[in-house]
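One structure is given below, encoded as structure tokens.
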Amino acid sequence: MKLTAGMIGLPNAGKSTLFNALVQTHKAATAPYPFCTIQPNVGTIFVPDQRIIRLAQIIGSETVHPPALEVVDLAGLVQGASRGEGLGNQFLGRIREVDALLHVVRAFPNPDVPHPMGEVDPLRDVQVVETELVLADLELVDRRLERLRKGTPPGGSKDPRLRWEYELLGRVRAHLNRGLPARQLEGSDEQKDFLLGIGLLTMKPQVYCCNVEEKDLPAGSPLTKPLEAFARGRGEGCVILCAKLEEELVMLEAREAREYLEALGLEARGIHQLLQELYRTLGLKTFYTANEKEARAWPFLPGTTAWQAAGRIHSDFQRGFIACECISWKELDSCGSLSRARELGKIRLEGRDYLVADGDILYIRFHV
Ligand SMILES: Nc1nc2c(ncn2[C@@H]2O[C@H](COP(=O)(O)OP(=O)(O)O)[C@@H](O)[C@H]2O)c(=O)[nH]1
Ligand SMILES: [Mg+2]
């Protein structure tokens with residue numbers, strides 16, 4: 001199971017350009033026409049991770065597999081999508097399937113690329129897209145409330161679970177009606193899980209990605225400030241990058257790319273920051289497995305047990321799970337080798353209910 005980020009934004013925001021940079025291919029066609037992207041493009045993206053490089057060194061692994069996420073380049077959203085405009089409903093259905101949203105926002109002025117709303121205004125664009133998502137969510141909430149009402153006897157339901165749902169949906173409805181995304185509503189974890197589970201689009205964690213002209217790196221421009229302030233106010237991530245530059249960088253050798261970045265006075269690729277922000281927004285942690293053949297990083301959500309982790313690695317590991325040998329990356333790094341760590345008694349033996357921690361290196365003992 002890979003976690004998936006879906007790219008949303010108005011047509012010509014630079015989604016396909018950024019997608020190409022992220023998956024390091026030229027799979028998605030880019031062009032200055034709305035609806036150039038019709039079939040969603042799916043690709044794998046790797047999150048930069050220093051720990052796995054050191055881990056592979058210590059163990060002597062032949063190959064290295066950094067944490068991987070899946071990214072989907074969705075068709076552009078236009079005003080009226082919730083009423084079926086553009087590729088409307090089909091598009092909104094695709095968003096329901098992803099775990100997080102990468103909201104690409106145009107902040108490059110280039111007059112050769114038409115803007116669907118006439119002029120470049122990042123905050124307004126975000127609000128246009130958000131309004132469509134809010135309207136789609138309102139429709140979904142109304143349908144559910146209608147169903148609940150139909151099944152309810154006069155005087156109200158006696159079932160506490162239905163009353164709970166009814167009350168929660170009523171609160172969400174009022175919140176959405178004020179134009180606000182469902183994820184900004186206060187609530188318990190149980191309520192949040194429920195709202196995610198029924199497929200509310202505005203519940204999905206979101207990272208804003210401001211696509212600027214190269215000259216506006218790394219700090220952004222007067223155009224990006226209102227959106228940055230808006231994201232900050234909500235406690236959401238907003239990354240400034242230039243999709244075109246990112247796309248050029250992936251075509252260069254690593255050394256050339258570094259020199260190019262240095263010449264521009266930049267410390268790192270924008271997509272690295274974007275991926276880290278995405279990881280943080282999803283609340284992801286990483287565990288590792290490593291042998292002579294390969295070192296592999298596994299993104300996971302907090303609350304994952306050793307038994308569940310075993311199942312991620314191989315179904316046999318889970319079926320025949322006996323125990324799990326475990327050492328933190330930090331301990332292994334300071335011991336310098338697995339044998340040394342064993343001598344020092346740093347390798348713990350954990351049972352199936354052990355809660356995996358960020359940076360754990362796991363060796364599953366199993367018998368089938
Ligand atoms: N000047 C400039 N043009 C860009 C940038 N990113 C994308 N474009 C151009 O904008 C047009 C639309 O980009 P595309 O990635 O297809 O947008 P999408 O509709 O959101 O998928 C293409 O002609 C791109 O070359 C950028 O950062 N700067
Ligand atoms: Mg596109």
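In each ligand, atom 1 is the first atom listed, and ligand 1 is the first ligand listed.
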Original post:
Is the distance between the Mg ion (ligand 2) and the nearest N/O/S atom of T17 smaller than 2.8 Å?
Top reply: no

Side chain to side chain donor-acceptor pair (under 3.5 Å) pairs touching residues 209-222, sequence neighbours excluded, are none

Notebook entry, point to check: Do any nitrogen or oxygen atoms of L18 lie less than 3.5 angstrom from nitrogen or oxygen atoms of ligand 1?
Noted result: no

Applying a strict 4.0 Å limit to heavy atoms, is G9 in contact with ligand 1? no

For the pair F287 and F300, name the ring-plane relationship: parallel under 30°, tilted 30 to 60°, perpendicular over 60°. tilted

* Asked: Is ligand 1 less than 4.0 angstrom away from at least one heavy atom of V212?
  -> yes

Closest to atom 1 (N) of ligand 1 by heavy-atom distance, out of R106, E213, K15, is E213

On the ring face of F108, is R106 found with NZ or CZ under 6.0 Å from the centre and within 45° of the axis?
yes

With heavy atoms and a 4.0 Å threshold, my read on which part of N12 contacts ligand 1 is both

d(E331 CD, D360 CG) to nearest 0.5 Å is 10.5 Å

Item checked: Residues K244, E248: salt bridge by 4.0 Å N-O rule -> no

Residues passing the salt bridge (charged side-chain N to carboxylate O under 4.0 Å, His left out) test with D193, sequence neighbours excluded, are none

Of N211, L241, T17, D216, the residue with the heavy atom nearest atom 14 (P) of ligand 1 is T17

Problem - Contact check: G14 vs ligand 1, nitrogen or oxygen atoms, below 3.5 angstrom - result: yes

